[in-house]
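Data first, discussion second: the structure below is written as structure tokens.
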Amino acid sequence: MLHDAVASRRVSPQLPLRFECARRTLLEMADQIITRFAPSPTGYLHIGGARTALFNWLFARRHGGRMLLRIEDTDRERSTDAAIAAILDGLGWLGLDWDGDVVYQYSRADRHRAVVQELLERGRAYYCYASAQELEEMRESARREGRPSRYDGRWRDRDPAAAPAGVKPVVRLKAPTEGETVVEDQVQGRVVWQNKELDDLVLLRSDGSPTYMLAVVVDDHDMAVTHVIRGDDHLTNAARQRQIYDALGWAPPVMAHIPLIHGPDGAKLSKRHGALGVEAYRTLGYLPEALRNYLVRLGWSHGDQEIFSTEEMTAAFALEQIGRSPARFDFAKLESINGHYMRQADDARLVAAIKTILPQVGPDRGLGATLDPELEAKLLSAMPGLKERAKTVIELLDSASYLYARRPLGLDAKATTILDDDARRRLALVLSELETISEWSAANTEGAVRRVADAAALKLGQLAQPLRAALTGRATSPGLFDVMAVLGRDESLARVRDQLPA
RNA sequence: GCUCCCAUCGUCUAGCGGUCUAGGACGUCGCCCUCUCACGGCGAAAACAGGGGUUCGAGUCCCCUUGGGAGCGCCA
């Protein structure tokens, strides 16, 4: 059953009444801006959808308006509860909230049918009995002759009495055949179609269910949506929807079709490079505020500014500044921005971020799905040094491996190179000095190491690198003395002893 | 094939006829800082797709070409 997972959010199917109320309120509020995000629950919330949601959210907030959420689940075959849950979860993680209850498009089917009935009665729509095979032939011959492939309107003015027996008809819009259909788009500008290029689209399927094209128009109208901001893959739909608005005598909302996001290679985003669900970005170690900041700059700009707090982007966001050309998704820049937000993030917050993705990424690293309290405490105290050099939460976790590594430590290639015989002999010198320390602190270990360096006429680095290798098993780490402080006296000394000359 | 949209450094973009010898950011490459790596600082290489117009003047306006993209379903 669809919707069980989110049944509590479900809206009653008897909507007309409720929407009448909404519209009355709209009149009272005069200039209230209402946007909507309308994903179809056939998969996760992908990155393009996330940006569309973000733009709608920003625009509504910018103008003190509301952003509504509508699940376009009229495709009963492909809509799933899991997808709905993933979309809601993704929006939540990104911090994008919506106003009012979630509207499920399918629940509004009766209203959609009623609207079509009205169109039928007013002669703006008609029954069409053309078979799938006829339609296919039309398309083929049109393409063959270099004409636009479209329905030829053969039932447009035909007497319904001529209907073949036993065939359930669809209902088509009686679209204008002359003149032009114009969409004044806030991003794309004025876009014009010759009506002869557009055919009579299907409003109601032969099983009586409403099509997307019809449902969108009716719902946007009933929900009193003032601004439709969506991907420009809908630009041609906008023309057909405009025709429906016209037939209904309704004023269309303001349209803004934003360019799509492409993969790094310029092709359409695929699962291989970026069309991941937003929850995948969470497991990849990105922070939601970083993803938002990255996304908002894809297509939209505000002078030379790159970093925007939520307040800043809300205050500055404007449709006029949205570009018309598609952008490519660039992980390098996302990482850079993520690094920026990581450095700024609260230490405890980052530990929490690690904990949330641990079930997915912990096992691969020899960690469980949860953090034991001792390690959590170490992570927290090492965090200032750790977050300074990590670009993702994953890097954070990996760079902290010395905190959860077991003795004797395995050395990576560079650490092995560092710990040659000379280095190990120097380690012995340092060890004896470190052992004399009574109060184990970063300041005191640093003092000890520097004393040894002075006495032996060595550069600090000649002692620090072997120590680092011994303590962390790697050639890079946070500040050495911070590492020792977090590790504690016993563990630190033991790790050094492990690497002494045989 | 048809319709529509797009075109400034590798990438995201600023530029809304003269202030452009085209600015910023990411990435790349140097140098500095330095116990490593990051961070930070300084510097470098790097773009107006091509061709026609319009104009005193074009990255900015128009047209064409080329190259991308989207749509063309009883999917959304």
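All chains are named by letter (A, B, ...) in the order of the sequence lines, taking the proteins before the strands, and each is independently numbered beginning at 1. All values below were derived from every heavy atom in this structure, side-chain atoms included, with hydrogens, water molecules and symmetry-related copies excluded.
Residues that satisfy the ring-ring contact (aromatic ring centres under 6.0 Å, His included) test with A/His227, not counting sequence neighbours, are A/Phe59. For A/Arg230, the side-chain contact (heavy atoms from CB on, under 4.5 Å) partners at least two apart in sequence or on another chain are A/Arg36, A/Tyr212, A/Val216, A/Val228, A/His234, A/Ala238, A/Gln241, A/Met255, A/His257. Under the rule for a ring-ring contact (aromatic ring centres under 6.0 Å, His included), A/Trp193 has no partner lying at least two apart in sequence or in another chain. By the side-chain contact (heavy atoms from CB on, under 4.5 Å) test, A/Ser149 pairs with A/Arg139, A/Ala142, A/Arg143, sequence neighbours left out.
When atom types are taken as modelled, the side chain of A/Gln194 and the backbone of A/Lys196 share no donor-acceptor pair closer than 3.5 angstrom.
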N/O donor to acceptor pairs below 3.5 angstrom from side-chain atoms of residues 316-333 of chain A, sequence neighbours left out:
from	atom 1	to	atom 2	distance (Å)
A/Arg328	NH1	A/Pro264	O	3.2
A/Asp330	OD1	A/Ala332	N	3.2
A/Lys333	NZ	A/Glu306	OE1	3.3

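Among the nucleotides B/rG73, B/rC4, B/rG71, the one closest to any side-chain atom of A/Arg139 is B/rG73. Here the nucleotide nearest the side chain of A/Arg143, chosen from B/rC74, B/rG1, B/rC35, is B/rG1. Side-chain atoms of A/Ala464 lie closest to B/rC35 of the nucleotides B/rA76, B/rG1, B/rC35.
A/Phe308 has its CZ atom 14 Å from the P atom of B/rA25, to the nearest Å. One atom, CG of A/Leu45, and another, P of B/rA76, lie 20 Å apart when rounded to the nearest Å. The CD-P distance, from A/Glu140 to B/rG73, rounds to 13 Å in whole Å. Between the CG atom of A/Asp199 and the C1' atom of B/rC4 there is a distance of 15 Å, rounded to whole Å. Between the C1' atom of B/rC35 and the CZ atom of A/Phe481 lies a distance of 6 Å, rounded to the nearest Å. When rounded to the nearest whole Å, the span between CG of A/Asn237 and P of B/rU3 equals 18 Å. For A/Gln462 and B/rU34, the CD to C1' distance is 15 Å, given to the nearest whole Å. Here B/rC72 presents its C1' atom at 13 Å from CD of A/Glu136, a figure rounded to the nearest Å.
Between B/rC39 and B/rG30, the two P atoms lie 15 Å apart (nearest whole Å). Here the separation of B/rA58 from B/rU19, taken at their C1' atoms, is 15 Å to the nearest Å. For the P atoms, the distance from B/rG69 to B/rU28 is 27 Å, rounded to whole Å. The same atom, C1', is picked in B/rA38 and in B/rA45; the two are 24 Å apart, to the nearest Å. Atom name P, nucleotides B/rA47 and B/rU3: the rounded distance is 36 Å, in whole Å. Nucleotides B/rU55 and B/rC61, compared at atom C1', are 10 Å apart to the nearest Å. Remark: the separation of the P atoms in B/rC74 and B/rG67 is 32 Å, to the nearest Å. For the C1' atoms, the distance linking B/rC37 with B/rA46 amounts to 27 Å, nearest Å.
Within the 4.0 Å cut-off from OP1 or OP2 of B/rC74, not a single side-chain nitrogen or oxygen of A/Ser206 is found. At the phosphate of B/rC2, neither OP1 nor OP2 sits under 4.0 Å from any side-chain N or O atom of A/Arg147.
Across all strands shown, B/rC37 forms no Watson-Crick or G-U wobble pair with both distances under 3.5 Å. When both pairing distances are held under 3.5 Å, B/rC48 makes no Watson-Crick or G-U pair with any nucleotide shown. Judged by Watson-Crick or G-U wobble contacts below 3.5 Å, the nucleotide B/rA25 has B/rU11 as its partner. In this structure B/rG59 sits in no base pair that meets the Watson-Crick or G-U test at under 3.5 Å. Within the shown strands, B/rG69 is the pairing partner of B/rC4 under the Watson-Crick or G-U definition, both distances less than 3.5 Å.
Using a 4.0 Å cut-off between a side-chain N of Lys or Arg and a carboxylate O of Asp or Glu, A/Arg495 and A/Asp498 do not qualify as a salt bridge. Using a cut-off of 4.0 Å between Lys/Arg side-chain N and Asp/Glu carboxylate O, A/Asp73 and A/Arg78 are scored as not salt-bridged. A salt bridge links A/Arg108 with A/Asp219: the distance from a Lys NZ or Arg NE/NH1/NH2 to an Asp or Glu carboxylate oxygen falls below 4.0 Å.
Within the structure, side-chain hydrogen bond (donor to acceptor under 3.5 Å, both in side chains) contacts touching residues 384-397 of chain A (residues at least two apart or in different chains) are A/Asp347-A/Lys387. Pairs of residues two or more places apart, or lying in two chains, that qualify as salt bridge (Lys or Arg N to Asp or Glu O under 4.0 Å) and include a residue from residues 236-245 of chain A are A/Asp199-A/Arg240, A/Arg242-A/Asp246. Residue pairs that meet the salt bridge (Lys or Arg N to Asp or Glu O under 4.0 Å) test with at least one member in residues 164-178 of chain A, sequence neighbours left out, are A/Asp157-A/Lys174.
Residue-level contact check: A/Arg450 touches the backbone only, with heavy atoms under 4.0 Å from sugar-phosphate atoms and none from bases. Across all strands shown, A/Leu235 has heavy atoms under 4.0 Å from sugar-phosphate atoms exclusively, and none from any base. At the heavy-atom level, A/Leu463 lies nowhere under 4.0 Å from the strands shown.
To the nearest 0.5 Å, atom OH of residue A/Tyr341 and atom CD1 of residue A/Ile307 are 5.0 Å apart.
Contact check of residues 410-420 of chain A against RNA chain B (heavy atom, cut-off under 4.0 Å) returns no residues at all. For residues 186-197 of chain A, proximity to RNA chain B is found at A/Gln188, A/Val191, A/Val192, A/Trp193, A/Glu197, defined as any non-hydrogen atom under 4.0 angstrom from a strand atom.
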Would you tabulate the pairs of protein nitrogen or oxygen atoms and nucleotide nitrogen or oxygen atoms of nucleotides 37-45 of chain B closer than 3.5 angstrom?
from	atom 1	to	atom 2	distance (Å)
B/rC37	O2	A/Arg389	NH1	2.8
B/rC37	N3	A/Arg389	NH1	2.3
B/rA38	O2'	A/Glu388	O	2.9
B/rC39	O2'	A/Glu388	OE2	3.3

Grab the N/O contacts between the protein and nucleotides 8-14 of chain B below 3.5 Å, and write none if there aren't any.
from	atom 1	to	atom 2	distance (Å)
B/rC12	OP1	A/Arg328	N	3.0
B/rC12	O2'	A/Arg297	O	2.9
B/rC12	O2	A/Lys333	NZ	3.3
B/rU13	OP1	A/Gly299	N	2.4
B/rU13	O3'	A/Ser301	OG	3.2
B/rA14	OP1	A/Ser301	OG	2.7

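Checking A/Tyr106 against A/Asp75 by side-chain atom types alone, no donor-acceptor pair falls below 3.5 Å.
For A/Arg154 and A/Tyr151, the positive end is not near the middle of the six-membered ring at less than 6.0 Å and at most 45° from its axis.
Within a 6.0 Å radius of CD in A/Glu145, other residues, nucleotides and ligands contribute more than 12 heavy atoms.
Checking A/Arg450, A/Arg451, A/Arg426 one by one against A/Glu433, the salt bridge (charged side-chain N to carboxylate O under 4.0 Å, His left out) holds for a single residue, A/Arg451.
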